[in-house]
Undergrad: 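One structure, as structure tokens, below. Some questions next.
We count residues from 1, following the sequence as given. Counting convention: from 1, in listed order, for ligands and their atoms alike.
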Amino acid sequence: MLQIYNTMTRRKEQFEPLEPGVVRLYSCGPTVYDVAHIGNLRTFLLSDLLVRHLRRTGVEVHNVMNITDVDDKTIEGARREGLTLREHTEKYTEYFMEDLATLRILPAWQNPRATDHIEQMHEIIAALIDKGHAYESEGSVYFDISSYPRYGRLSGSVSGADSSRDFSRLDEDEYELEDARDFALWKAAKPDEPTWDSPWGPGRPGWHIECSAMSRAYLGDTLDMHVGAVDLIFPHHENEIAQSEGATGQEFVRFWVHPEHLIVDGEKMSKSKGNFYTLRDLIERGYDPIAIRHLLMTAHYRRQLNFTLEGLDQSQQALGRLWDFVDRLEEIPADAEGEDLAEAAAEALAKFNAALGDDLNAPAAMAAVFELMHDVNAALAEGKVGHSGAAQVLAFLRDADSVLGIIEHEKGSVDADVEALMTEREQARADKNWARADEIRDELLAQGIVIEDTPTGARWRREG
Ligand code: AMP
Ligand code: ZN
């Protein structure tokens, strides 16, 4: 079914769910204080691939993705926009859901919001205090790292058993490995912050406790898989383990899956660096969102992917060719005879399955699709593809698309894109912008489309 790299054991392992037939998967979701950037979306797309791949193998997947709707950033965001915390976070949750749908990321089984699970957080905090893993101080509650010798197993290099370290307290949710210290589970009320009642007085939850509480509420004490980008390994996931295992005494997560970052010029794409694009930005620039989905899958998830607009152009062109190919296959008349393509399709399918089964290798899986397209295009050019051959290839493509989500398209959408470029080229020529006009000609040529300038205006035709 799936060999997947487990950050905890640091090797690829054969995945089987604990309960046969049902996979319990939790992904750390967005902090809804702003519109997500496409780096965030790369991580959520990986969860989507994982879910789609598992479902295609015939198992049920209970995938939970939380919505972080209370933390420093959302509280500050609500203040900035003059909204209540709920109004502010609902607004960005809606944007987020729209972005997921636009990218064909399937809806999660559950999208719990942190602020709806304060009681479940209290239960875990109370259990931790009870078992000597947490202590109260001035209305806040902290996890006591020294009480938990296994602390640090996931990220390495910190250990709760290290008595020489300074494990004094820390109120921030985000900090570096070298600053590992007792972290806040519950934060005492501050003026101007939303608060909830608790057995330790009014306050609000720390960030990490929410994932322990919501994963347990929907999936139980032990999860099959947990997904989040590499920056969450420490401290977030390390702290989730300490909280959950400290409270329940059970193994928290069997497989830890950590996709790498989307980067820009060697740096992580992030809000704070300002080097980010949102899906909306790119759609406004005329890109098809499915080209973004394609681009985000062109590198294996455990490798960084460098984002460039040139790369996105290439994805858009690759998709244009693929969609055009599908349109041509669908247009082959029912009585057209041609080669039997069952073997070619079966070979592509075997490659496709092997690629996904080997640590979700999406680029290799897409290559199986594009290689088949290349071969069948050659046969199409020679008029050798009949109706049954086309049906064999289309069946494979539809099956592959249940995981990839890039092949389905509106018929004729390629033509509409070509027409738009033709119009732009006419304008460029009228403006004597020959460079742009030539660029468009080359772009179309790369999609197998030839422009002919005739006395009555420019026309285009497909080659072959
Ligand atoms: P946030 O909304 O900041 O909580 O982040 C949501 C998810 O996106 C988390 O899993 C982050 O680790 C992940 N993430 C943030 N930046 C990037 C990036 N540049 N590339 C990939 N994932 C990212
Ligand atoms: Zn989390």
Undergrad: Give yes if a backbone or side-chain nitrogen or oxygen of T31 is under 3.5 Å from a nitrogen or oxygen of ligand 1, and no if not.
TA: yes

Undergrad: For F143, is there any backbone N or O sitting under 3.5 Å from a side-chain donor or acceptor partner on H133?
TA: no

Undergrad: Does an N or O from H261, backbone or side chain, lie closer than 3.5 Å to an N or O of ligand 1?
TA: no

Undergrad: Out of curiosity, is F276 lining ligand 1, as in a heavy atom under 4.0 Å away?
TA: no

Undergrad: Considering only heavy atoms of P30, which atoms of ligand 1 have at least one such atom less than 4.0 Å away?
TA: 2 (O)

Undergrad: Just let me know how L262 lines up against ligand 1, side chain, backbone, both or neither, with a heavy-atom cut-off below 4.0 Å.
TA: both

Undergrad: So, are R150 and E238 salt-bridged, with charged N and O less than 4.0 Å apart?
TA: no

Undergrad: Can you sort out which atoms of ligand 1 are near T43, meaning under 4.0 Å from one of its heavy atoms?
TA: 10 (O), 13 (C), 21 (C), 22 (N), 23 (C)

Undergrad: Which protein non-hydrogen atom lies closest to atom 16 (N) of ligand 1, naming both residue and atom, and how far is it?
TA: K268 CE, 3.3 Å

Undergrad: Is a salt bridge present between D34 and K91, judged by a nitrogen-to-oxygen distance below 4.0 Å?
TA: no

Undergrad: Is there a heavy atom in H37 that sits closer than 4.0 Å to ligand 1?
TA: yes

Undergrad: Which protein N, O or S atoms lie under 2.8 Å from the Zn ion (ligand 2), given by chain and residue number?
TA: C28 SG, C211 SG, H236 NE2, E240 OE2

Undergrad: Any N or O on M269 sitting closer than 3.5 Å to an N or O of ligand 1?
TA: yes

Undergrad: Could you tell me whether E245 and R153 make a salt bridge, using a distance below 4.0 angstrom between a side-chain N and a carboxylate O?
TA: yes

Undergrad: Of the protein's non-hydrogen atoms, which lies at the shortest distance from atom 9 (C) of ligand 1, and what is that distance?
TA: L232 CD1, 3.9 Å

Undergrad: Please list, chain by chain and in numerical order, all residues satisfying ring pair (Phe, Tyr, Trp, His ring centres under 6.0 Å) with H53, sequence neighbours excluded.
TA: none

Undergrad: So which protein heavy atom does atom 21 (C) of ligand 1 come closest to, and at what separation?
TA: G39 O, 2.9 Å

Undergrad: My understanding is that we take every heavy atom of each candidate and find the minimum distance to atom 5 (O) of ligand 1. Doing that for N40, T68, V32, which one comes out nearest?
TA: N40

Undergrad: So if I count the atoms of ligand 1 from 1 in the order they appear, which ones are less than 4.0 Å from some heavy atom of F44?
TA: 6 (C), 7 (C)

Undergrad: If you count the atoms of ligand 1 from 1 in the order shown, which ones are under 4.0 Å from a heavy atom of D231?
TA: 11 (C), 12 (O)

